[in-house]
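Below: the structure, in C-alpha cells.
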Amino acid sequence: MNLEKVVFAFFIVLAATLNFGFFIGDIDRPELHHVGEFAAALVVNLIATSLKFGDRSHMGATQLATSLVAVLQLVAASIVWGYQTQVVGEMTPNAMSSIVSLSGGAMLANLVSLILLICAIGRCSIWP
C-alpha cells in the first residue's frame, strides 16, 4: 500500500464531503450554512491542491486543474462572505445564495476530481 496515495485520496474525498456538507440546505438561509464548515472546506481543498503539485502525469495535471478551480470558487465565496459580514455588516439571503452557488461550483470540481481518482485507481488495480 502506498501511503502517499492514501493521503492524497483521503484529502480529495474529505474536500468533497466537507464542501457537500456546507452546500446542503436552503440556498438563501444563512443559518443552514456554517462558517466553520466553509472554512474547513477551504483549508482541506488548499491541502488537497498542494498534494497534487509534483505529479507530472496527465491525470495529475487534470486533477490539479480541478483542485485549482475548486479553490478559486471557494476563495471567491470567502471574499463575498468577508465583504458581506465586514463591510455591509449583515448576511443577506441574496449574498448567501451567491456564496452557496460558488460553493456548488467547487463541489462540482471536487466531484470531477473524485471521478478522476476512481478512474485512476480502477485502471491500476481493479480493472484489467
Side-chain angles (χ1 to χ4, degrees):
M1 181 182 310
N2 186 341
L3 184 61
E4 180 181 330
K5 289 183 181 182
V6 171
V7 171
F8 177 71
F10 170 79
F11 278 102
I12 289 176
V13 173
L14 184 60
T17 57
L18 285 170
N19 201 353
F20 181 76
F22 174 77
F23 182 78
I24 289 298
D26 290 343
I27 194 168
D28 61 343
R29 293 185 51 201
E31 68 272 12
L32 298 179
H33 306 283
H34 194 269
V35 67
E37 194 167 18
F38 176 78
L42 177 59
V43 168
V44 171
N45 269 284
L46 286 168
I47 292 169
T49 301
S50 70
L51 291 173
K52 293 174 186 174
F53 282 107
D55 186 354
R56 299 197 182 274
S57 68
H58 177 70
M59 183 69 74
T62 307
Q63 284 193 326
L64 178 59
T66 60
S67 265
L68 290 172
V69 168
V71 167
L72 180 66
Q73 295 271 38
L74 291 173
V75 166
S78 69
I79 290 170
V80 172
W81 199 315
Y83 177 80
Q84 199 63 31
T85 58
Q86 301 304 312
V87 176
V88 175
E90 68 174 318
M91 182 61 71
T92 63
N94 193 22
M96 185 52 73
S97 295
S98 295
I99 293 165
V100 173
S101 293
L102 287 164
S103 170
M107 188 174 67
L108 181 61
N110 288 149
L111 180 63
V112 171
S113 191
L114 280 172
I115 291 168
L116 291 172
L117 177 68
I118 291 168
C119 290
I121 291 170
R123 188 180 59 210
C124 295
S125 60
I126 297 173
W127 297 327

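The shown structure was predicted, so the numbers you read here are calculated from the model rather than taken from an experiment.
Partners of D55 according to the side chain to side chain donor-acceptor pair (under 3.5 Å) rule, which considers only residues two or more places apart in sequence or in another chain, are S57. The ring pair (Phe, Tyr, Trp, His ring centres under 6.0 Å) search around F11 returns none, not counting sequence neighbours. Applying the side chain to side chain donor-acceptor pair (under 3.5 Å) rule to E31 yields the partners R29; only residues at least two apart in sequence or on another chain are considered.
A donor-acceptor pair under 3.5 Å links the side-chain atoms of Q84 to the main chain of E90, judged by distance alone.
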Indicate every side-chain donor-acceptor pair of residues 59-66 with a distance under 3.5 Å to a residue at least two apart or in another chain.
unit_1	atom_1	unit_2	atom_2	d
T62	OG1	H58	O	2.9
Q63	NE2	S113	O	3.3
T66	OG1	Q63	O	2.8

Pairs under 3.5 angstrom only: tabulate donor-acceptor contacts from the side chains of residues 98-110 to other protein residues two or more places apart or in another chain.
unit_1	atom_1	unit_2	atom_2	d
S98	OG	N94	O	3.4
S101	OG	S97	O	2.8
S103	OG	N19	OD1	2.6
N110	OD1	N19	ND2	3.3
N110	ND2	N45	OD1	2.9

Pair up each side-chain donor or acceptor in residues 32-39 with any protein partner under 3.5 Å, not counting sequence neighbours, and list the distances.
unit_1	atom_1	unit_2	atom_2	d
H33	ND1	F22	O	2.7
H33	NE2	D26	O	2.7
H34	ND1	G36	N	2.8

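Both V80 and V75 belong to a common hydrophobic cluster when Ile, Leu, Val, Met, Phe, Trp and Tyr are linked at side-chain heavy-atom distances under 4.5 angstrom. Residues V7 and V44 share a single hydrophobic cluster, defined by chaining ILVMFWY side chains whose heavy atoms lie under 4.5 Å apart. Connection of L14 to I47 is established within a shared hydrophobic cluster, with ILVMFWY side chains joined at heavy-atom distances below 4.5 Å, either directly or through further cluster members. A continuous path of ILVMFWY side-chain contacts below 4.5 Å connects L18 to L51, so both sit in one hydrophobic cluster. Residues I115 and I12 fall into different hydrophobic clusters, defined by Ile, Leu, Val, Met, Phe, Trp and Tyr side chains chained together at heavy-atom separations under 4.5 Å.
Residues M91 and T85 have side chains in contact (heavy-atom distance under 4.5 Å, counting atoms from C-beta outward).
Other residues, nucleotides and ligands contribute more than 12 heavy atoms inside 6.0 Å of the CZ atom of F8.
Rounded to the nearest 0.5 angstrom, L46 CG and L68 CG are separated by 10.0 Å.
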